[in-house]
Amino acid sequence: MTDGRILVGTFVCTDRDNNIILASCTEHLQPDDDGREEEPRVLGLAMVPGRHVVSISIDESYQSMKHLCS
């Protein structure tokens, strides 16, 4: 996101304004100056305004793990 946060979740949908809905979403903050990372914050269902999206990627390791479990 434009403020440096990273959201991880399951893509649900988007709309005409490029807003994104994520399910089972967690928020990850950038490490502080000492290199310490905070625990991810559970958001659940989240709407991300399209104007704040910097990039989107697919976690392929998660996809391959999901296929192994089914």
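Just so it is clear, the values below take in all heavy atoms, side chains as well, and ignore hydrogens, waters and symmetry mates. In this chain, numbering begins with 1 at the start of the sequence shown.
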* Asked: Atom CD in Q30, atom CZ in R5: separation rounded to 0.5 Å?
  -> 11.0 Å
* Set of salt bridge (charged side-chain N to carboxylate O under 4.0 Å, His left out) partners for D34, sequence neighbours left out -> R36
* How many angstroms lie between atom NE2 of H28 and atom CD of E38, to the nearest 0.5 angstrom? -> 12.0 Å
* **Whichever hydrophobic residues join I56 through chains of side-chain contacts under 4.5 Å** => M1, L7, F11, I20, L22, L43, V48, V53
* Structure fact -> Between the CG atom in L29 and the CD atom in E39, the distance rounded to the nearest 0.5 Å is 11.0 Å
* To do: Evaluate the side-chain proximity of R41 to T26: yes if any heavy-atom separation is below 4.5 Å, no if none is.
  => no
* Asked: Can any side-chain N or O of T14 pair as donor or acceptor with the backbone N or O of N19 at less than 3.5 Å?
  -> yes
